[in-house]
Amino acid sequence: GGASSGGVGRIINREIAGRLISSVAQAATLQRLPYSSGSLGYESLVAQRVENFSQAATRLDRIIAFFDALGADGFRDQIQRLQAQSAYSILSGADDLLKQASAYEPRSGDFAWWDGSAGAAYQAYGVSGKGELTGYLGLQRQRIAYIAQNYAEPVLIYLLNLRVDVAGVDIQVLTKWTKISQDLSRYQAKVPDSPIVQLENYISGPMAEVSSSNCQPAVADLAGMDAQDFFVTKLRSLSSAFASRCFDLANLQVAGGFDAIANAFNRNLAGQFPFAAAPPGAGQGGEASLSGVLRYLNQFNVYMNQGAGDPARWANVAADVRKPALSFLDQMDAVNEVFAAGITGQGSQTSFSYDLQVGFRAERQLEIGAGQLVEWSLSSGTAKVDQFTAATRLPWKFGDPITVSFTWALNGQTRPSRGKDAPANFVIAERTASFQYKGDWALFELLSAQRMSASLQGPDSGGTGTV
């Protein structure tokens with residue numbers, strides 16, 4: 001009789017257990033959240049579900065304890081799964097509210113509207129300056145914290161401690177909210193370089209300050225940061241969109257700015273020595289002024305500092321425009337390097353000069369009749385060096401004339417003479433023949449007219465110029 005009575009008791013208990021599970025399942029089904037994007041009532045539903053979940057938790061714990069006492073593990077696990085599904089439904093609701101908040105989303109969702117001027121963050125979030133931007137960032141953080149603390153965290157602890165598998169639970173959503181909760185705690189504790197701090201610093205820093213003239217700071221440094229973190233994801237998305245727009249604008253500005261650079265050269269320097277094939281005395285135009293050259297090179301440097309010399313900036317420009325433009329920039333960059341070596345001072349105190357290291361008879365294997373000469377000399381302004389001078393340094397500055405002279409021996413068998421094809425600057429005075437360069441760019445005249453071709457120079461000439 002005892003065994004029969006015990007069996008009946010177990011049957012009755014299992015029938016009660018089944019009814020309890022059916023009631024809990026029915027309640028969970030009736031309370032499922034109907035998602036409505038943008039609805040104010042939706043948040044009220046989420047809040048009500050959180051309250052119901054909290055109130056039911058104690059009773060459900062007693063039911064679970066009841067099943068434990070019966071040894072009905074299967075029934076216990078079913079109750080836990082139903083409770084977990086209800087908790088996950090609430091967490092999904094919190095996730096929906098987070099999406100509706102559109103935290104940190106720039107206007108129109110991207111930066112297609114940005115014109116490249118500084119202050120993109122202010123335009124992106126409809127604020128007038130740093131003070132309002134700080135307020136905006138605080139509101140975003142507070143809204144996320146409210147959703148996390150009031151809707152996500154009450155069920156998150158339960159789900160993380162669950163010991164049974166629950167179908168339909170998205171582990172990524174659990175992980176996302178766990179990290180959001182941790183990030184908020186770290187921010188509250190003023191932990192430096194936390195994801196929220198990094199995100200807010202980027203928005204109030206590079207996004208507010210960068211212009212298309214210097215895009216590199218728009219690229220956020222994400223090294224070592226958790227790629228799955230909500231705030232890091234926001235930072236990566238903003239940085240990617242903002243930097244991409246910045247570089248696109250920079251590329252357009254570089255290609256467009258070339259016309260101004262090319263036109264300035266053609267208008268102010270082209271055809272004027274030293275930007276002409278020959279000096280003024282050879283039927284060419286006049287000489288460029290030093291101030292005009294320096295002014296142009298300053299404009300050129302500003303343009304090049306925008307990355308104009310990078311071929312990647314020209315990738316989307318037609319080849320018939322890109323190739324000659326890059327060729328011109330390469331040549332002018334080399335010219336700029338030569339001039340930069342001679343510029344000293346600033347503003348009205350700017351001067352242009354070189355120290356020439358002079359050596360005579362550098363290519364003796366090419367000499368013809370050099371034994372008849374007793375002196376080789378080079379003068380710059382009032383200074384002069386010859387083959388007997390111990391110090392071979394000779395200063396030259398803009399405006400100084402240059403003379404290269406050769407003197408024949410007094411008792412030699414030959415004398416200099418002027419042929420019919422001799423250049424106008426070739427002068428003979430008794431036993432001395434000279435090439436005289438009297439323009440403001442005399443050094444460049446000498447190099448232009450008399451520079452020996454590279455094929456004739458010796459193997460040890462290095463970077464020197466032989467004339």
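One-based numbering along the sequence shown. Just the heavy atoms: all of them, side chains too, but no hydrogens, waters or symmetry mates, feed the values below.
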Nearest heavy-atom contact between G307 and V254 is C-CG2, 4.4 Å

Plane angle bin for Y136 and Y125 - parallel if under 30°, tilted between 30 and 60°, otherwise perpendicular | parallel

Point to revise | Validation row, ring centre F242 to ring centre W114 under 6.0 Å | key: yes

So the side chain to side chain donor-acceptor pair (under 3.5 Å) pairs with at least one residue in residues 211-232 (sequence neighbours excluded) are K179-D226, S211-S213, S212-Q253

What one should report as the nearest heavy-atom pair of D183 and P195 is OD1-CG, 3.6 Å

For residues 371-384, the side chain to side chain donor-acceptor pair (under 3.5 Å) pairs (sequence neighbours left out) are none

Fill in: Aromatic plane relationship, F444 with F352 - under 30° parallel, 30 to 60° tilted, over 60° perpendicular
parallel

For F339 together with W441, are the ring centres under 6.0 Å from each other? yes

Problem set entry | Centroid separation F406 to W408 less than 6.0 Å | no

- [ ] Give a yes or no on this: more than 12 heavy atoms of other residues, nucleotides or ligands lie within 6.0 Å of atom NZ of K130.
- [x] yes

| task | Taking the six-membered ring for Trp and the single ring otherwise, decide whether the centroids of F328 and F265 are under 6.0 Å apart. | result | yes

Would one find more than 12 heavy atoms of other residues, nucleotides or ligands at under 6.0 Å from atom CD of E367?
-> yes

For S108 and D110: C-alpha separation, side-chain torsions, deciding distance, then whether side-chain hydrogen bond (donor to acceptor under 3.5 Å, both in side chains) applies. CA-CA 6 Å; S108 303; D110 56 29; 5.2 Å; no

query: Is the shortest side-chain N to carboxylate O distance from E200 to R141 below 4.0 Å?
result: yes

Check your understanding: Is the closest basic N to carboxylate O distance between D248 and R245 below 4.0 Å?
Key -> no

Q.
Test side-chain contact (heavy atoms from CB on, under 4.5 Å) on Q272 and S289; report intermediate values, then the result.
A. CA-CA 9 Å; Q272 299 186 59; S289 68; over 6 Å; no

Under 4.0 Å between a Lys/Arg side-chain N and an Asp/Glu carboxylate O for K234 and E105? yes

